[in-house]
Amino acid sequence: MKKAIIFQGGWQGHTPAETAEVFKTILEAEGFEVTVTDNMEFGFDYENVAQYDLIVPMWTMGEIPAEVCKNICRAVAEGAGIAGCHGGMCDAFRNSTEWQFMTGAQWVAHPGNAGITYDVNLIPGNEFTDGLSDFSVTSEQYYIHIDPAVKVYATTTFPVADGPHAANGEVKVPVVFTKLWGRGRVFYNSLGHTWESFNIPEARELMRRGFVWAAR
């Protein structure tokens, strides 16, 4: 049986505990043995980190101890997977460039905040989006700074809300992407401002497929 750990905490506006429970349900349905923790103590022991086939961060902002970051990055480089959503993974630790390098992106803005209705456009012909259709979301539309090494499977187009972020014309910003980190796989979905985002069938299915793909 594959093993996954979800570590949740940080800014409570992203409902980390509730989102962790949604993810736990998805993973258990896929046959994972799931551990959920509200701290990062597991990360101080590399052998403990390395036992997991999938690491799921749900921890917006805050700080990650250098040793914990080092051990998670090493575990992924040696074959563990990491997968997450929204600020829980790619606005997790703003002071850690190593974390940002490994995860592949960093949130920088959500023009219009949480009340924006926008489209998620799926790129066809791959295991993440096959059988799914474009859909609309009313939430935060994430503008992220992105690693050019990622492979993109869904995008959203800016601007929707007014702002200086696309003054030269419309731009497509990734919503779903993957990358490799050593022998490990990285999956990210920028949806997930609260746990209720995953009541949207397409958003939930994208996460399910991402978890399965990323896991060792």
Side-chain angles (χ1 to χ4, degrees), residues 1-40 42-43 49 51-60 72 75-76 79-92 102-105 107 120 122-123 126-140 142 150-154 156 174-179 181 184-216:
M1 177 180 289
K2 292 187 177 183
K3 299 176 69 174
I5 186 164
I6 304 170
F7 65 102
Q8 61 87 9
W11 185 62
Q12 294 299 301
H14 279 162
T15 64
E18 294 86 350
T19 303
E21 285 302 308
V22 172
F23 289 173
K24 181 174 183 284
T25 298
I26 294 171
L27 287 164
E28 287 180 338
E30 293 297 321
F32 285 80
E33 176 186 330
V34 183
T35 299
V36 179
T37 179
D38 63 0
N39 61 68
M40 294 183 244
F42 78 97
V49 179
Q51 72 175 304
Y52 294 105
D53 301 291
L54 181 66
I55 300 164
V56 181
M58 190 59 219
W59 198 295
T60 303
I72 292 175
V76 176
I82 188 166
C85 75
H86 202 65
M89 179 161 141
C90 286
D91 190 25
M102 192 247 311
T103 58
W107 168 86
V120 177
L122 305 182
I123 297 171
N126 61 80
E127 61 191 290
F128 300 104
T129 65
D130 280 351
L132 302 179
S133 299
D134 294 354
F135 58 100
S136 294
V137 177
T138 301
S139 184
E140 291 180 342
Y142 258 23
V150 306
K151 188 169 183 179
V152 178
Y153 299 93
T156 188
V175 173
V176 175
F177 68 76
T178 64
K179 67 172 286 187
W181 180 259
R185 293 177 168 186
V186 179
F187 174 88
Y188 178 68
N189 181 352
S190 74
L191 304 176
H193 178 58
T194 71
W195 68 271
E196 294 166 307
S197 299
F198 299 106
N199 287 335
I200 300 170
E202 294 88 349
R204 188 183 184 96
E205 179 63 10
L206 286 166
M207 286 307 307
R208 185 194 71 80
R209 295 181 187 188
F211 289 148
V212 172
W213 175 86
R216 175 167 31 213

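Note that this is a predicted model, so its numbers are computed, not measured.
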Separation of Asp53 CG from Glu33 CD (nearest 0.5 Å): 10.0 Å
Distance-only side-chain donor-acceptor flag, His14 / Thr60, under 3.5 Å: yes
Validation row: Val176, Arg209 side chains within 4.5 angstrom (heavy atoms): no
Tyr153 side chain reached by Thr178 side chain, heavy atoms, under 4.5 Å: yes
Beyond-backbone contact of Leu191 with Phe135, side-chain heavy atoms, under 4.5 angstrom: yes
Distance in Å, Asp91 CG paired with Trp11 CH2, rounded so as to fall on 0.5 Å steps: 9.5 Å
Pairwise distance CD1(Ile5) to NZ(Lys24) - rounded to 0.5 angstrom: 12.5 Å
Pairwise side-chain contact, Val76 with Met102, heavy-atom cut-off 4.5 Å (strictly under): yes
Under 3.5 Å donor-acceptor, Ser197 side chain and Thr194 backbone: yes
Nearest atoms (heavy-atom pairs only) where Ala83 meets Pro57: O-CD, 3.4 Å
Check: Tyr52 main-chain N/O paired with Arg216 side-chain donor or acceptor under 3.5 Å: yes
Closest contact, heavy atoms only, Gly43 versus Val49: CA-CG2, 3.5 Å
Met40 and Trp59, any side-chain heavy atoms less than 4.5 Å apart: yes
Tyr142 side-chain N/O to His193 backbone N/O, donor-acceptor pair under 3.5 Å: no
Side-chain heavy atoms of Lys2 within contact of Val212, under 4.5 Å: no
Rounded distance (nearest 0.5 Å) linking atom CE of Met89 with atom CZ of Phe187: 9.0 Å
Expected output: side-chain Thr15 to main-chain Trp195 donor-acceptor under 3.5 Å: yes
Check: Arg185 and Trp213 side chains under 4.5 Å, non-hydrogen atoms: yes
Non-hydrogen atoms of Gly104 and Lys179 that approach each other most closely: CA-CD, 3.7 Å
Minimal non-hydrogen separation, Leu54 against Ala214, with atom names: CD1-CB, 3.9 Å
Interatomic distance, Asp134 atom CG to Leu122 atom CG [nearest 0.5 angstrom]: 5.0 Å
Exercise: identify the closest heavy-atom pair between Val36 and Ala20: CG1-CB, 4.2 Å
With Tyr188, the ring pair (Phe, Tyr, Trp, His ring centres under 6.0 Å) member among Trp181, Trp107, Phe177: Phe177
Spacing of CD belonging to Glu28 relative to CZ belonging to Phe23, to within rounding of 0.5 Å: 14.0 Å
Under 3.5 Å donor-acceptor, Thr129 side chain and Ile123 backbone: yes
Phe32 vs Ile26 side-chain heavy atoms within contact, under 4.5 Å: no
